[in-house]
Novice: 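Here's a structure for you.
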Amino acid sequence: VEAREAGDVLKLVAVVVGVLSGLPAVGPWMSAGPAADVADEGRWLAPFDGEVPAVNMVLMHDGSVLYWSGVDDHDGATVPFFVDSPHPAHARVVDFAGPVAVVRTPTPHDGGAGDMFCAGQTVLADGSVLVVGGTEYVPLVPFTDGWHVYGLNSARRFDPATDAFATQQPMVGWRWYPTALTLPDGSALVASGIADLPYPQTHVTFQERFDPATRTWSVLPPGADNLLPLYPRLFVVPSGPLKGDVYYAPVGCLWCPFGAHPAEALWNLDQSLDLQANAWTIHGPALLGARQHGTAVPLLLQPPAYDMTLLTAGGTLNRMVFATNTAELASLAGATPVHAFAAPMTHARWHHNSVLLPTGEVLAVGGGMLDNVVAYSAENPPVLEAEVFDPAGTDPLTGLPGRWTELAPMQVPRMYHSTALLLPDGRVLVGGHVPLPFIQALIPQVTEERLEVFEPPYLFRGPRPIIADAPADVAYGAAFAVGTPDAASIASAVLMRPGAVTHAYDNEQRGIVLTMEGRSSDALSLRAPPDGDVAPPGYYMLFLLRETPEGPVPSEARFVRLA
Ligand SMILES: [Cu+2]
């Protein structure tokens with residue numbers, strides 16, 4: 001009862017904030033916005049039925065997208081999530097190869113090994129998708145002694161060639177909200193997750209690794225142990241003294257396990273794991289501390305140094321219920337990460353998604369201004385306007401590096417459990433949004449099953465360059481030729497790793513500019529990135545970019561396998 005009253009107070013706060021800021025109290029965000037200039041603002045296509053909420057989304061190397069919500073009936077339990085879902089909420093694949101998007105159901109439809117709701121995922125070097133952990137349900141009665149969410153040790157591998165999941169050896173750890181990450185050697189690291197929410201002593205502090213050759217798990221030595229937040233934002237450092245290390249950006253899901261563990265103070269600090277020494281180094285703090293459900297995106301890696309700069313943006317600071325619009329750039333080129341303020345976003349938002357584009361810009365979509373976990377209300381408008389960050393720009397108001405430009409508004413609110421990733425045709429697929437069930441009980445709202453596609457402004461800058469021919473396989477450091485009738489006008493070529501995203505974090509997101517060593521009238525000579533630290537092995541989208549007065553225009557991508 002106390003908790004319900006606390007929720008009412010927060011709702012009241014939400015109403016007051018909504019009124020004070022002049023925001024309308026009902027949902028005008030459901031109507032389409034005014035006609036926009038597509039060359040300036042891009043364009044959202046009509047939402048279409050994806051059949052299940054896309055809580056996790058993964059782009060596969062055939063161009064289709066695997067997504068799922070989880071929610072199974074393995075143990076016959078009644079699942080209070082997705083109370084308004086007309087479909088069995090399991091995995092789907094959406095295929096964009098034809099004139100219309102086609103949604104189909106893979107085999108088995110639930111992944112075959114435990115519920116995939118709030119699992120982690122990564123794409124292995126062979127193009128299969130590893131899905132780890134998830135949710136074991138017990139009756140979810142909030143704020144009583146019976147409140148538990150159990151993590152799973154399940155592992156499954158989805159092969160796009162067979163359209164099927166295969167159950168793998170289970171992990172050692174039982175993990176709800178884990179992060180999976182493909183490493184330079186092609187193995188997959190799994191970190192964090194909790195075995196029994198809300199009990200912080202069950203937070204999994206050891207890391208384990210999936211060997212794709214033997215398809216077995218091994219726990220890293222105790223020196224690699226660390227209590228990280230749930231869904232910690234982890235990235236492989238491509239260069240410099242930390243080359244090959246796994247970097248923890250101070251962003252993640254910080255509300256669990258409810259501030260009960262002293263090590264949580266360290267979540268505000270940059271940390272890096274040396275995979276050879278199996279030891280963590282704790283670096284300095286992020287300028288504003290850890291971001292709760294904010295985003296962290298590595299900007300394009302540029303040859304010859306391939307140094308990584310991470311853009312972190314949004315989320316909430318200090319576990320406040322209000323989102324921030326602040327952003328930081330963290331340079332990972334040296335022995336210690338260096339943070340600097342970046343231009344703030346036009347909109348404060350959290351639970352949004354940030355998508356690295358082949359132009360080097362970062363697209364921010366969705367999210368909300370107010371915590372919709374603890375304080376969602378009808379008076380809490382989601383942020384519908386997309387915006388894009390140009391790292392080469394300067395903020396006219398603050399003089400800070402980078403520049404955000406507001407783009408067209410999406411039609412569907414997307415907050416908690418929403419997702420977005422870059423498609424090989426240069427568009428951006430957006431899906432998901434699943435509020436918590438006890439929040440739904442307070443304020444009826446939609447478990448969102450529609451998918452939505454955004455066409456960025458770069459698709460309206462004239463003809464796109466064409467890739468006539470590209471190799472299917474490229475070796476690290478090798479020279480290779482790409483045929484194009486537009487060779488004379490190509491300004492750059494980039495490899496974009498296919499996205500794997502959930503909970504506002506795309507662990508696979510990474511783009512590498514290729515060295516251009518020569519060109520003829522109909523071909524470019526390119527040089528592949530040097531090693532797996534710069535570009536972990538696997539499939540990449542190769543884009544060519546043509547420069548125009550309005551900005552670069554990307555080609556459609558060809559998939560290239562890097563090994
Ligand atoms: Cu979740």
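First listed ligand is number 1; within each ligand, the first listed atom is number 1. When a residue number appears, it is its place in the shown sequence, counting from 1.
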Novice: Mind telling me whether His351 and Tyr416 have parallel, tilted or perpendicular rings, with 30° and 60° as the class edges?
Specialist: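 Judged by the thresholds at 30° and 60°, the geometry between Tyr416 and His351 is tilted.
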Novice: What is the name of the N/O/S atom in His503 that sits closest to the Cu ion (ligand 1)?
Specialist: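 Within His503, restricted to N, O or S, the Cu ion (ligand 1) is closest to atom NE2.
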Novice: Both conditions, 6.0 Å and 45 degrees, for the charged tip of Arg349 above the ring of Phe322: are they met here?
Specialist: no
Novice: Kindly confirm whether the Cu ion (ligand 1) is within less than 2.8 Å of some N/O/S atom in Cys118?
Specialist: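 Of the N, O and S atoms in Cys118, at least one lies under 2.8 Å from the Cu ion (ligand 1), which means yes.
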Novice: Please confirm if an N, O or S atom belonging to Tyr177, backbone or side chain, lies less than 2.8 Å from the Cu ion (ligand 1).
Specialist: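 Yes - counting backbone and side chain alike, Tyr177 has an N, O or S atom under 2.8 Å.
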Novice: Should the pair Asp49-Arg450 be classified as a salt bridge under the 4.0 Å nitrogen-to-oxygen rule?
Specialist: no
Novice: For Tyr177 and His503, run side-chain hydrogen bond (donor to acceptor under 3.5 Å, both in side chains): C-alpha distance rounded to whole Å, both residues' side-chain angles, the deciding distance at 0.1 Å, then the answer.
Specialist: CA-CA 9 Å; Tyr177 277 51; His503 292 74; 3.0 Å; yes
